[in-house]
Amino acid sequence: MKIERPRGTRDFLPEEMEKRRAVEKVMRRIAESYGYREVMTPTFEHSELFKIKSGEEIVKEMYVFLDKGGREMALRPELTAPVVRMFLDCCEVLPKPLRFYYFSNCFRYERPQRGRFREFWQFGAELIGSNSCLAEAEVISLAYEILKALKVEFELKIGHVGIMRKVLSGIENSEKIMHLIDKKDVENLLSEMERLEVPKDVREKVLMLMDLKGDLSILEDVKIEEADRLKKLAEVLEDYKVKYKLDLGIVRGLDYYTGVVFEFYSEKLGAQKQICGGGSYELASLFGGKETPATGFAIGFDRVCEICEVDLEKRVKVVVVSFKETYSKAIEIAKKLREKDLIVIIDVMDRSVKKQLSFANDISADFALIVGGRELEAGEVLIKNLRSGEQFGVKISDLSPALFVK
RNA sequence: GCCCGGAUGGGGUAGCGGGAACCUCUGGGACUGUGGAUCCCAGGCCCCGGGUUCAAAUCCCGGUCCGGGCCCCA
């Protein structure tokens, strides 16, 4: 019986890994250029951590298990909660603000489909300790620059939970309304507001705000304090040269969001269009720590990999071709060339010269270095350019990486 | 959790009640010191379990996995 890969997981072959690593490298470099430093948290946490953040129901969507001590654990379904937990465990006294980034795999027990897997990767950043719109703008700019550097085509939508919350303040059970607003489910929204006996002026305001989309000017007539915050944020984003679209219909029902919320979308994917999401939140006090404002985002790494373009690092690949009687010399030469940063591959199948060259061709090597007995007598080896077919002898003492330039 | 479609050598496909075929691939050889072409030899498959039938890759049921969508999306 063959053992199969678990549902919703993937194997990555070298070609794909090379792209993923290249993408990862771009993300890291940009995050670091903003002063963000990498952190890493455990693959699993007490399931309680995620329940506190997202509610009891998410247990259904998590990989939960009891450890041998009977503790209930969960494979992390996301990284914001663990990072905040880590912050409370050991970083509360570090100079604020803290700038962290992370890149790790996460696990969710969901029905897989395009762009959605049970094991997936998130790249994200959290700026902890500031609640200013300058902090929010920086975080948005970081996500924006990363996606731009990867040549992703996207749309950035920015909203603010405070505005809608203000309008709905005093209305009981407003989470459901917020949820329906986020879903853009107008029909059910109307009936729900009717059921909750929401005053007419509030209903009209909700519907009006929901449809407000566009640039700064849409906020002109919104006379709510929180709108001024969004306005200020928008102004700073102009300085960052970030192109965005305000959308007050983006809300999010969860209580820990405190202000700005934003989402990046790409039309190149299927049903799972969102490639990045984030916002300002206050989780520290939920987890039993001192109230601490923070802003962060998480990029769906797998989705971005599907639609982005990166330059792959090209290292010169050389196959050292040898004969039985020259094999030990070939190893010696291969060793030297590897130290000079070339990729050097040597036969381990006791193959004929023909097969070794054929193999070099199959793996798209750039050069073959033929270590032959006749040439060795003159202290030489042959370098063959596998693209052009050109071949010439060179003294072993003169072997330098410069000879292997495509 | 729900709906639709699918699963045939390592990869891509044909067959859709009665001989499992093709392309590619992998290893070796023709050619024992020179790759890409050609030819030869070898390797390996009907997703799993049950049922119908004289006979199942083929029809039926259940499961697993994949793809698309719904729900969800922290």
Q. When you compare B/A56 with B/C61, how far apart are their C1' atoms, in angstrom units rounded to a whole number?
A. 15 Å

Q | Atom-pair distance (CZ on A/R5; P on B/A7), nearest Å | A | 18 Å

Q. Using atom P of each nucleotide, how far apart are B/U58 and B/G19 to the nearest Å?
A. 14 Å

Q) Going by atom types alone, do A/E136 and A/S280 pair a side-chain donor with an acceptor below 3.5 Å? A) yes

Q | Cation over ring face, A/K157 and A/Y244, 6.0 Å, 45° | A | no

Q: Would you confirm whether the ring centroid of A/Y36 sits within less than 6.0 angstrom of the ring centroid of A/F100?
A: no

Q: Sticking with atom C1', work out how far B/C22 lies from B/C45, rounded to a whole angstrom.
A: 13 Å

Q) Is the distance between the ring centroids of A/F301 and A/F123 under 6.0 Å? A) no

Q. Atom CD1 of A/I363 and atom P of B/U26: how far apart are they, to the nearest Å?
A. 12 Å

Q.
Expressed as a whole number of angstroms, how long is the span from A/D350:CG to B/G28:P?
A. 10 Å

**Q.** Check: A/S47/A/E72 side-chain N/O donor and acceptor closer than 3.5 Å
**A.** yes

Q | Sugar-phosphate, base or nothing in reach of A/G8, heavy atoms under 4.0 Å | A | sugar-phosphate

Q | Under 4.0 Å protein heavy-atom contacts per nucleotide of nucleotides 31-45 of chain B, with B for base, S for backbone only and - for none | A | B-BBBB---------

Q: Look through every strand shown and name the nucleotide pairing with B/G43 as Watson-Crick or G-U wobble, where both distances are under 3.5 Å.
A: B/C25

Q.
Take a 6.0 Å sphere around NZ of A/K205 and say whether it holds more than 12 heavy atoms from other residues, nucleotides or ligands.
A. no

Q) For A/R351, which contact category applies under a 4.0 Å heavy-atom criterion: base, sugar-phosphate, or nothing? A) sugar-phosphate

Q: Could you check which nucleotide pairs with B/C70 in any of the strands shown, counting Watson-Crick or G-U wobble with both distances under 3.5 Å?
A: B/G1

Q | Residue pair A/E126 / A/T80, side-chain donor-acceptor N/O under 3.5 Å | A | yes

Q) Around atom CD of A/E197, are there more than 12 heavy atoms of other residues, nucleotides or ligands at under 6.0 Å? A) no

Q. Regarding A/R303 and the six-membered ring of A/W121, is the cationic atom NZ or CZ under 6.0 Å from the ring centre and inside 45° of its axis?
A. no

Q. So what's B/G19 paired with, Watson-Crick or G-U wobble, going by both distances under 3.5 Å?
A. none

Q: Specify the separation, in whole Å, of atom CZ of A/R10 and atom C1' of B/G67.
A: 14 Å

**Q.** Pairing partner (Watson-Crick or G-U wobble, both distances under 3.5 angstrom) of B/C65
**A.** B/G6

Q) On a whole-Å scale, what distance lies between the C1' atoms belonging to B/C70 and B/A57? A) 33 Å

Q) Would you call the rings of A/Y281 and A/Y256 parallel, tilted or perpendicular if under 30° counts as parallel and over 60° as perpendicular? A) perpendicular

Q: For B/G10 and B/G6, measure between their P atoms and round to the nearest Å.
A: 23 Å

Q) Using atom P of each nucleotide, how far apart are B/C60 and B/A7 to the nearest Å? A) 13 Å

Q: With P as the reference atom in both, quote the distance from B/U8 to B/G67 in angstrom, rounded to an integer.
A: 14 Å

Q: For B/A42 and B/G36, measure between their C1' atoms and round to the nearest Å.
A: 23 Å

Q) Which parts of nucleotides 68-74 of chain B does protein reach within less than 4.0 Å, heavy atoms only, written one letter per nucleotide 5' to 3' as B for base, S for sugar-phosphate only and - for none? A) BBBBBBB

